[in-house]
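Below: the structure, in structure tokens.
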Amino acid sequence: MKKVYLETFGCQMNVSDSERVATSLAAGGFEVTPDEDSADIVLINTCSVREKAEHKLYTRVGRIRNFRSVKPVIGVMGCVAQLEGETLFNKIEGLDFVIGTKAVGRVTNAIEKVLDGESYVTDLGEREQDYDWSVADAQRHSRYVGFVPIIEGCNKFCTYCIVPFSRGREVSLPASKIVRNVLELRRQGVKEIHLIGQNVNSYRPTTDSGLELFRGATPFSRLLRAVAATGIERIKFNTSFPRDFHADIVDAINEHENLCNWVHLPVQSGSDRVLKLMKRGHTIDSYFKKIDKLKDSNRDVALTTDIIVGFPGETDADFEATKRAVEYCGFDSAYIFKYSPRPGTPAFQMKDDVSIGEKKLRFIELEQVQKRTQRVRLQRYLGKKVQVLAEKTSSRDPNDITGHSTCHKLVNFQGSQALIGNLIDVRIREIKANSLFGEVC
Ligand code: SAM
Ligand code: SF4
């Protein structure tokens, strides 16, 4: 049996794609191995959101080629594969096949062609009508947490972003299919599901199938209610697009205990001028109103965000506005990125006039503001009881169990292995920089 080693870079959509690819490889007679050195085939799932992520691919393939005495079959899938297509064969010596973002259902065919002696195998075709979105129990990244794609692609075309080009237009999966997927995961013992997509709250299926019994002003809030009704213990969703984040989502969270108290709402900048240049579709005031509504919720909803510093034309005053926004919102955590010009995006035509040094300084300064606000913000958990899904033994201390709270914090606590897979009440005793520490109640 030929062995395949699958390596994944990038977002949770990529992780989810890899889980499904692993499922089809195993069903197609391949062994999916965690051991790279013994693999006959190495498949790399790539990310192109920032230049650094893209460069990782070139370094990785070089290493595989140079360190193995017999070169394995090497394939590339994901966003870089979709964007670069056949040109990758010129850029990467020894590459055997390229699979686009919608062709992941046909990875086994591509590998078989290479094994039969074909060179430069490329599939950038469309997704099959009957594509199977389910994942085999053995191929999930976690036994207890399941990723459930609900929408793929993106129609927003934020000026800096490559995703609409690498992932195509938004396509929403039918709610009935999503609910069936969730019920199957629940049957397999999964405790927490993440509804995933570039913009989950832009969910707009072509039929009402599966939503008929559920109310809400938008299809997404109706889907949240439909998924809540499956009885699965915990539901998280990620990422939400601010312009499409309506009050009915907060209402659904307020009404259903199994909708977790965590919302990831990327603000990107605190300056209206920059937000307009980014074509984000929200102003900072409209964003603040959504944050206010979330803070008014009867649940203690944890808020997280993404921010880009050093967008073309970002002045000191714009950057100051971003710092103020971070202070106002009080995010539980924030992913801060230095702007990375992506060829083919509208922003690539703008003058990248914030120097690398200035981008670095703004990154560090904003990180300090975030850390300070975060430290204060997280104090609210001290002495409080939070429910944690015990996921595994901590890699730092074999006596500790690690997992996530409903508010999506990493929580460590002392406990026996027998707790793994269960929802445990933990009292928080210590706030660390990026995690909480507690004891079983
Ligand atoms: N759809 C989500 C949204 O609208 O916020 C985000 C998806 S994107 C893959 C993840 C994050 O990467 C973005 O929120 C943004 O902060 C960051 N990002 C995207 N393009 C970038 C670029 N060219 N340079 C730096 N960061 C970028
Ligand atoms: Fe990229 Fe904007 Fe789409 Fe998010 S909404 S994936 S940032 S284009």
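Positions are given from 1 along the sequence. Just follow the structure's listing: the first ligand is 1, and inside any ligand the first atom is 1.
- Checked against the 6.0 Å centroid criterion, the rings of F288 and Y328 qualify as a close aromatic pair.
- To the nearest 0.5 Å, the span separating CZ on R106 from CE on M77 amounts to 12.5 Å.
- In this structure, I307 CD1 and T305 OG1 are separated by 5.5 Å, a value rounded to the nearest 0.5 Å.
- With hydrogens and angles disregarded, no donor-acceptor distance shorter than 3.5 Å links the side chain of N14 to the backbone of G10.
- Here is the list of ligand 1 atoms found below 4.0 Å of a heavy atom in R280: 3 (C), 4 (O), 5 (O).
- The backbone and the side chain of Y160 each have at least one atom closer than 4.0 Å to an atom of ligand 1 (non-hydrogen atoms only).
- Closest to atom 26 (N) of ligand 1 by heavy atom, among M278, R50, R243, M13, is R50.
- Contact check for V309 versus F337: no side-chain heavy atoms found under the 4.5 Å cut-off.
- Atoms of ligand 1 found under 4.0 Å from any heavy atom of F241 (numbered from 1 in listed order, with element): 4 (O).
- Of the heavy atoms in Q268, only side-chain atoms (C-beta onward) come closer than 4.0 Å to ligand 1.
- At the shortest separation from atom 1 (N) of ligand 1 among protein heavy atoms lies Q198 O, 2.8 Å.
- Of the heavy atoms in T239, none comes closer than 4.0 Å to ligand 2.
- For ligand 1 and R342, the ligand atoms under 4.0 Å from any heavy atom of the residue are 23 (N).
- Near D306, the atoms of ligand 1 lying under 4.0 angstrom from a non-hydrogen atom of the residue are 10 (C), 11 (C), 13 (C), 14 (O), 16 (O).
- Atom 1 (Fe) of ligand 2 has as its closest protein heavy atom C161 SG, 2.3 Å.
- Backbone and side-chain nitrogen or oxygen atoms of T239 are examined, and none is located within less than 3.5 angstrom of a nitrogen or oxygen of ligand 1.
- Under the 6.0 Å cut-off for aromatic ring centres, H194 and H264 do not qualify, their centroids lying 6.0 Å or more apart.
- Taking a 4.0 Å cut-off on heavy atoms, R167 fails to register as neighbouring ligand 2.
- At least one N or O atom of N199 sits closer than 3.5 Å to an N or O atom of ligand 1.
- Under the 30°/60° scheme for interplanar angles, the aromatic rings of Y287 and H282 are found to be tilted.
- A salt bridge does not link D285 to K290: none of the charged nitrogens lies less than 4.0 Å from a carboxylate oxygen.
- Counting backbone and side-chain atoms alike, C158 contributes an N/O/S atom closer than 2.8 Å to atom 2 (Fe) of ligand 2.
- Shortest contact from atom 25 (C) of ligand 1 to any protein heavy atom: K338 O, 3.5 Å.
- What sits closest to atom 9 (C) of ligand 1 on the protein, heavy atoms only, is V49 CG2, 3.6 Å.
- For atom 1 (Fe) of ligand 2, the N/O/S atoms of C154 include none lying under 2.8 Å.
- Of the heavy atoms in Y160, only side-chain atoms (C-beta onward) come closer than 4.0 Å to ligand 2.
- In this structure, S172 contributes its side chain and Y203 its backbone to no donor-acceptor pair below 3.5 Å.
- Looking only at protein heavy atoms, the nearest one to atom 22 (C) of ligand 1 is S340 O, 3.6 Å.
- Using a 4.0 Å cut-off between heavy atoms, P164 contacts ligand 2 through its side chain alone, with no backbone atom that close.
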So S24 and T108, side-chain hydrogen bond (donor to acceptor under 3.5 Å, both in side chains) or not? Walk me through it. CA-CA 7 Å; S24 67; T108 48; 5.3 Å; no

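- Close approach of ligand 1 to P266 (heavy-atom distance below 4.0 Å) involves ligand atoms 3 (C), 5 (O).
- For ligand 2, the atoms closer than 4.0 angstrom to any heavy atom of F241 are 5 (S).
- Note that R127 lies in the cation-pi zone of Y131, set by a 6.0 Å cut-off to the ring centre and a 45° limit from the axis.
- Between Y120 and F97, the ring centre distance reaches or exceeds 6.0 Å.
- Contact check for Q82 versus T46: no side-chain heavy atoms found under the 4.5 Å cut-off.
- Each of L423, V190, V145, L259 was checked for a side-chain contact (heavy atoms from CB on, under 4.5 Å) with R234, and the lone residue meeting it is L423.
- Taking every non-hydrogen atom of F157 and a distance limit under 4.0 Å, the qualifying atoms of ligand 2 come out as 8 (S).
- Selection from N199, V163, N155 by nearest heavy atom to atom 4 (Fe) of ligand 2 gives N199.
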